[in-house]
Amino acid sequence: MTIISPSLLASDFANLQRDVEMINNSAADWFHVDVMDGSFVPNLSFGLPSVKAVAKHATKPLDVHLMIVNPDKYITAFAEAGAAYLTVHYEACPHLHRTIQAIKAEDMKAGVALNPHTPVSVLEEVINDLDLVLIMSVNPGFGGQKFIEAAIEKTRKLRALITEKGAKTLIEIDGGVNTETGRRLVEAGADALVAGSFVFNSPDPSATIAELKQL
Ligand code: DX5
Ligand code: ZN
């Protein structure tokens, strides 16, 4: 079954505990937490104190997506804050291999995110070291954007690379996911789906998570 990681970016920040409990009691598998620095992406969001606050109440693993420059500086801090999966952007890491090893040294699962313009082929040499690859199906920085169709073909290519290399890497997709795009992504080989606005803007977020879980 598909791993579902609801994105807290679309939650009600003034009622964060309520939304965390909703996810705890839903069919969701992980919590997707988007960290932005106003430099790698043109927006700001959660920082370390918020991640810690979520970790205090969450009963499921925290899937932390770092949209920041220089993520190496904060790897230990995010481990201490409670991240289970730590995903950095390929475009922000000139020494990606070292960054991946540093994440694993803190006993977290290591993920790499690819912006829409970055081909999956750049991961050929590190795919066997990765627990997760996050394909961005929107340009990172904001929730509620339109799904970029090319993500479907990219998912197929990544699935082929993982099979070819005999890797155990999970494929996660982030941006514009709903039941329609989600179904096609799962068909193309996705293991995990992030969904923000589709979940939190729906009349019954928990039922929407359950629906995505069936894909
Ligand atoms: C965008 C974030 C996403 C965002 C997805 O930069 O990485 O996780 O919350 O939002 P939706 O599901 O609304 O596209
Ligand atoms: Zn994200």
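Heavy atoms only: backbone and side chains are in, while hydrogens, waters and symmetry mates are out. In each ligand, atom 1 is the first atom listed, and ligand 1 is the first ligand listed.
With sequence neighbours excluded, no residue forms a ring-ring contact (aromatic ring centres under 6.0 Å, His included) with Tyr90. Listed by chain and number, the residues in a ring-ring contact (aromatic ring centres under 6.0 Å, His included) with Tyr85 are Trp30 (sequence neighbours excluded).
Checked for salt-bridge contact, Asp63 and Lys109 miss the test: no charged N lies under 4.0 Å from a carboxylate O. Ion pairing of Lys157 with Glu153 is absent here, as no side-chain N (NZ or NE/NH1/NH2) approaches a carboxylate O to less than 4.0 Å.
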Contact table, ligand 1 N/O with protein N/O, distance under 3.5 Å:
unit_1: ligand 1; atom_1: 6 (O); unit_2: Gly141; atom_2: N; d: 2.7
unit_1: ligand 1; atom_1: 7 (O); unit_2: Asp34; atom_2: OD1; d: 3.0
unit_1: ligand 1; atom_1: 7 (O); unit_2: His65; atom_2: ND1; d: 3.2
unit_1: ligand 1; atom_1: 7 (O); unit_2: Asp174; atom_2: OD2; d: 2.8
unit_1: ligand 1; atom_1: 8 (O); unit_2: His32; atom_2: NE2; d: 3.3
unit_1: ligand 1; atom_1: 8 (O); unit_2: Asp34; atom_2: OD1; d: 3.1
unit_1: ligand 1; atom_1: 8 (O); unit_2: Asp34; atom_2: OD2; d: 2.8
unit_1: ligand 1; atom_1: 8 (O); unit_2: Asp174; atom_2: OD1; d: 2.7
unit_1: ligand 1; atom_1: 8 (O); unit_2: Asp174; atom_2: OD2; d: 3.0
unit_1: ligand 1; atom_1: 9 (O); unit_2: Ser7; atom_2: OG; d: 2.8
unit_1: ligand 1; atom_1: 9 (O); unit_2: Asp34; atom_2: OD2; d: 3.2
unit_1: ligand 1; atom_1: 12 (O); unit_2: Gly196; atom_2: N; d: 2.8
unit_1: ligand 1; atom_1: 13 (O); unit_2: Gly144; atom_2: N; d: 2.8
unit_1: ligand 1; atom_1: 13 (O); unit_2: Ser197; atom_2: N; d: 3.0
unit_1: ligand 1; atom_1: 13 (O); unit_2: Ser197; atom_2: OG; d: 2.5
unit_1: ligand 1; atom_1: 14 (O); unit_2: Gly176; atom_2: N; d: 2.8

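Residue Asp29 is tested with Ile4, Leu193, Ile23, Thr2 for a side chain to side chain contact (heavy atoms under 4.5 Å, CB included); the sole match is Ile4. Test Thr87, Leu66, Leu48 against Val35 for side chain to side chain contact (heavy atoms under 4.5 Å, CB included) and you get one pass: Leu66.
Taking hydrophobic clusters as Ile, Leu, Val, Met, Phe, Trp and Tyr residues chained together by side-chain heavy-atom distances below 4.5 Å, Ile127 shares a cluster with Leu114.
Between the CG atom of Leu9 and the CZ atom of Phe142 there is a distance of 9.5 Å, given to the nearest 0.5 Å.
Around the Zn ion (ligand 2), the protein contributes the following N, O or S atoms at distances under 2.8 Å: His32 NE2, Asp34 OD1, His65 ND1, Asp174 OD2.
Other residues, nucleotides and ligands place more than 12 heavy atoms under 6.0 Å from the CZ atom of Arg18.
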